[in-house]
**Student:** 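This is the structure, below, for whatever I ask next.
Numbered from 1 within each chain, the chains take letters A, B, ... in sequence-line order. The structure presented is a predicted model; accordingly, all values stated were derived computationally and were not measured.
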Amino acid sequence: AQKITQTQPGMFVQEKEAVTLDCTYDTSDPSYGLFWYKQPSSGEMIFLIYQGSYDQQNATEGRYSLNFQKARKSANLVISASQLGDSAMYFCAMEDTGNQFYFGTGTSLTVIP
Amino acid sequence: DVKVTQSSRYLVKRTGEKVFLECVQDMDHENMFWYRQDPGLGLRLIYFSYDVKMKEKGDIPEGYSVSREKKERFSLILESASTNQTSMYLCASSPAGLGEYNEQFFGPGTRLTVL
C-alpha cells in the first residue's frame, strides 16, 4: 500500500512567489517522522525540513515551512519567495518506528524568471 | 566533508553479469539503505540494514541481495544483471531511533546501465 502520495508531478511558479507542494501520508502508527528532500539536476538528495508526529507547531527552516495537518494526514511543503535555484525535484518521505523510510513519487518544480 | 560515498557514479554492465555496488558511510550510523530511482516512480526501497549482518527486504528485493559485514559498508549485489535493472541506485544511512536528527544522508548515486 502506498504510504506517501504526491499528486503533483510538475509545478511552475513565478520567481519571488510562494508555492505549495502537496504530500499526504498513510500510517496507523502514532509515532512517525515526515521529511522533505530536494533533488536538483545534479542528482544529490538534500534534506530540507523535518516534522515529528507529536510536534505541535509547524516546522520552519528559512524559506521552507511544513504545513502539517495531522487529522488530514497531510504534510505540505511551502516555499516562500521562490528562487531560480529552487528548480528541482522535491520528495516527501515518512519514517516509521522501524526506521524504514517511504518516499513519494516526487514533484518537479520549475521556477520561472 | 564526505559522509556517504558510492563506489561508482556511472557503471555499464552486460546482461547476466554479477554486479557489486558499494556504499560507505563515515557517520557511524546504524541504518543503511539501498534505493533505486526511476522517473515517475520516485525512490523505491530495495533492502535496508539496521545493524551489521542484519538485513530486511524492502519493496522490490527481487533480483538483488545485500551484504553488511562492517557497520560502515553496505553492498548491493545484482546476482545476474538484467536490462530492467538499468536505473539510478542511491545509498543512504541514518542513525537509529526516531526523531529530528534521523534524516537520511544520501550518497551521490550510481547510474547503472545494463546492456
**Student:** Name the member of A:Q100, A:E44, A:Q51 that forms the most heavy-atom pairs with chain B at distances under 4.5 Å.
**Tutor:** A:Q100

**Student:** Indicate yes or no: does B:R68 engage B:D51 in a salt bridge with an N to O separation below 4.0 Å.
**Tutor:** no

**Student:** Give, as side chain, backbone, both or neither, the part of B:L41 having an atom under 4.5 angstrom from any heavy atom of chain A.
**Tutor:** backbone

**Student:** First locate atom CZ of A:F103, then atom CG of B:L45, and finally report the distance between them rounded to the nearest 0.5 Å.
**Tutor:** 9.0 Å

**Student:** Go through the atoms of A:S42 and report whether side chain, backbone, both or neither lie under 4.5 Å from a heavy atom of chain B.
**Tutor:** backbone

**Student:** Which residue pairs pass the side chain to side chain donor-acceptor pair (under 3.5 Å) test with at least one member in residues 6-17 of chain B, sequence neighbours excluded?
**Tutor:** B:Q6-B:T110

**Student:** Counting only heavy atoms closer than 4.5 Å, note whether A:F101 contacts chain B via side chain, backbone, both or neither.
**Tutor:** both

**Student:** Would B:K71 and B:D28 pass as an ion pair if we require N to O under 4.0 Å?
**Tutor:** yes

**Student:** Does any heavy atom of chain B fall under 4.5 Å from the side chain of A:Y37, the backbone, both, or neither of them?
**Tutor:** side chain

**Student:** Is it the side chain or the backbone of B:Y50 that comes within 4.5 Å of chain A heavy atoms, both, or neither?
**Tutor:** neither

**Student:** Could you tell me whether A:K70 atom NZ has more than 12 heavy atoms of other residues or ligands within 6.0 Å of it?
**Tutor:** yes

**Student:** Between A:S80 (side chain) and A:R63 (backbone), is there a donor-acceptor pair under 3.5 Å?
**Tutor:** yes

**Student:** Is A:Q39 in contact with chain B via its backbone, its side chain, both, or neither, using a 4.5 Å heavy-atom distance?
**Tutor:** side chain

**Student:** Does any backbone or side-chain atom of B:Q37 lie under 4.5 Å from a heavy atom of chain A? Answer side chain, backbone, both or neither.
**Tutor:** side chain

**Student:** Return the option, out of B:P39, B:G109, B:G42, B:G40, with the maximum number of heavy-atom pairs under 4.5 Å with chain A.
**Tutor:** B:G42

**Student:** In a table with atom names and distances, give each donor-acceptor pair under 3.5 Å that connects a side chain of residues 10-24 of chain A to protein atoms at least two apart or in another chain.
**Tutor:**
from, atom 1, to, atom 2, distance (Å)
A:Q14, NE2, A:P113, O, 3.1
A:D22, OD2, A:Q8, NE2, 3.3

